[in-house]
*Asks:* 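Submitted below is the structure of interest, expressed as structure tokens.
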Amino acid sequence: MTSELKARPASPSRGRRLGAFVFLSPGLTYLVVLLLVPLALVLSNTVFQRGRFGGVVYEFTTENFARLMDPLYLGVVGGSLRIAALTTAIALLIGYPTAYAIARLSPRWKTIALVAIVLPFWTNFIIRVYAWIILLSGPGLVNSGMAAIGLGPYELLYNQGAIVTGLLYSYLPLMVLPLYAAIERLDPQLREASANLGASPFTTFRKVTLPLTVPGVLSGCLFVFVPSFGNFVIPEILGGNKSIMVGNLIRDQFLKARDWPFGSTLALALIAVLLVLLMAQAWMARRA
Amino acid sequence: MRRSKLLFVPLWVTYVFLYLPIVVLVVMSFNAGESAYTYEGFSLKWYGELAADERIRNGLINTLVVAVGSTAIATVLGTLLAVGLARHSRSKALDALALMPAVLPDLVLAIGLLLFYGVIALTLGHYSVILSHALFSMAFVAAVVRTRLSGADTSLEEASRDLGAGHVVTFMKITLPQLAPGIVAGALLAFTLSLDEFVIAFFTIGNAEPTLPIVIYSMIRFGVTPKINALAAILLLVSFVAVIAGQRLTRIGEAQRAEG
């Protein structure tokens, strides 16, 4: 400490550099070793061959990418995109009016309403998905309810509808929060001005509220789409054997087929789709 | 008047959607019958069976071990990183790097870590899950602490340094106490995230005894039993209490900051 005391006036920048080193190096080392190196491994694996008994043989090949272009695998990627997009669209349709209603509450009720939106999100993820097995199964609550009004029974479980329901249930709060933040920020005078100038509530919404909340819409869509697209737990629990998403495929390559290079190639495809979306979001948010 | 009531219809629809499954789970956990679908009267027998289930008990212990270990690492590294990024760096790239583990899909992190542990020939086990959980938890701790830092008054730190204290002493005596509520909130977040984390644990645990989410996952794959409902009800209660306690804590922290 005394040496620092003496050294400080002589060279203030030395102390600063030392501080930067002390605070930044542990965390950055951790990030380099456990994040960047693993990601580099995923990336490099895509051009290597699988070992006969799992693992990786470090010989160059383009076979993994050729295999990715197989209609079978492209179909899985396309199907996952469709399911994630459908989930995101429904989440937006439910989430926007919900966030709008919360933004209109009194400050006290706002907090309570928001906590109530987030609360289910903090409970065990697997259990939340499991709840839908009970609700959607043959003798489950949804079918009982429909039977009461003379409908059904329907096959609700183990299909794409069940997957979308599970994804929606798991990630809806991630849509509501950014939408709420965007709507909350709006100046209510803008709406009043629009109404005073003779615009109908619908026109006001379409021309004033919606355009001004586009950044919130984009963030919400991204927050729902990203975890939906790469999911493998929900399709596995609620989708049965019939439907498989790109996440299931990656999991199987790593833990069942032991084809790590092809699994890495699929993961790269997943990252690529997400990067494109991220850039599209940034571009649209700048324009909005 | 009618229109403003109509406004809140979607809100109620959302709440029914979010809470109906939870209510059904809890009600069915008290079912006297064997079925997970039809209620046949009140009983606590599934809670008894749950308490007697060794796999679940061990799973809970393993989960707690992993959560405590990863939270400890993440809290220390995340706090240092937050201070370092806020006070000693202007790099946007480093900011982005620090957030990356929280933003990347868990599956991508999981396979990357699995490959990495394979390359360095680390035998998988609870410690590899601890190291992996600490990675994304650190990002969340750093983010929470930074929010607190950006609101903190820097004049105390400057005064401390003007009076001759070095960076480390200033950090220990001035910055750290100011940051305490943020660090506690970050640690709580890290702990909860680790308790619930499935995908990364599933990939990096190897043949070690499974954590609770993995136990639940394999139980569900074998079929539906009211025992899982009883477990669900208990976990729900725990996380609800934790969230409300966390809310209280942040409110106390905010109040302190407003006073100070």
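Each chain gets a letter, A, B and so on, in the order the sequences are listed, and its residues count up from 1.
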*Asks:* Are Y217(B) and F202(B) an aromatic pair by the rule of ring centers under 6.0 Å?
*Replies:* yes
*Asks:* Against I111(B), only a single residue in N45(A), L39(A), L255(A), V42(A) fulfils side chain to side chain contact (heavy atoms under 4.5 Å, CB included); can you say which?
*Replies:* V42(A)
*Asks:* Given the options L11(B), V9(B), L18(B), which has more heavy-atom pairs under 4.5 Å with chain A than any of the others?
*Replies:* L18(B)
*Asks:* Examine whether an atom of L189(B) lies under 4.5 Å from a heavy atom of chain A, and if so say whether it belongs to the side chain, the backbone or both; otherwise answer neither.
*Replies:* side chain
*Asks:* Against chain A, label F136(B) side chain, backbone, both or neither, depending on which of its atoms sit under 4.5 Å from a heavy atom there.
*Replies:* neither
*Asks:* What residue, out of L81(B), L77(B), D196(B), has the most heavy-atom pairs lying under 4.5 Å from chain A?
*Replies:* D196(B)
*Asks:* Is L104(B) close to chain A through its backbone or its side chain, or both, or neither, when contacts mean heavy atoms under 4.5 Å?
*Replies:* side chain
*Asks:* Which answer fits V119(B), side chain, backbone, both or neither, if we ask what part of it has an atom under 4.5 Å from a heavy atom of chain A?
*Replies:* side chain
*Asks:* For Y96(A), which atoms come within 4.5 Å of any heavy atom of chain B: side chain, backbone, both, or neither?
*Replies:* neither
*Asks:* So for L107(B), is it side chain, backbone, both, or neither that comes closer than 4.5 Å to the heavy atoms of chain A?
*Replies:* side chain
*Asks:* Please look at L168(A) and chain B and tell me whether the side chain, the backbone, both or neither of the residue comes under 4.5 angstrom of a heavy atom of that chain.
*Replies:* both
*Asks:* Is I133(A) close to chain B through its backbone or its side chain, or both, or neither, when contacts mean heavy atoms under 4.5 Å?
*Replies:* both
*Asks:* Compute the ring centroids of W132(A) and F17(B), then answer whether they are less than 6.0 Å apart.
*Replies:* yes
*Asks:* Examine whether an atom of L28(A) lies under 4.5 Å from a heavy atom of chain B, and if so say whether it belongs to the side chain, the backbone or both; otherwise answer neither.
*Replies:* both
*Asks:* With a 4.5 angstrom heavy-atom cut-off, which part of I134(A) approaches chain B: side chain, backbone, both or neither?
*Replies:* both
*Asks:* Of the listed residues (L195(B), L236(B), N229(B), I73(B)), which shares the most heavy-atom pairs with chain A below a 4.5 Å separation?
*Replies:* N229(B)
*Asks:* Given heavy-atom pairs under 4.5 angstrom as the criterion, report whether the side chain, backbone, both or neither of L25(B) touches chain A.
*Replies:* side chain
*Asks:* Under 4.5 Å heavy-atom distance to chain B, tell me which part of V129(A) shows up: side chain, backbone, both or neither.
*Replies:* neither
*Asks:* For A110(B), is it the side chain, the backbone, both, or neither that has a heavy atom closer than 4.5 Å to a heavy atom of chain A?
*Replies:* neither
*Asks:* Which bit of I250(A) is near chain B, if near means a heavy-atom gap under 4.5 Å: side chain, backbone, both or neither?
*Replies:* side chain
*Asks:* Given that the side chain runs from C-beta out, which part of I220(B) has a heavy atom under 4.5 Å from chain A: side chain, backbone, both or neither?
*Replies:* side chain
*Asks:* Counting only heavy atoms not in Y19(B), do more than 12 fall under 6.0 Å of its OH?
*Replies:* yes
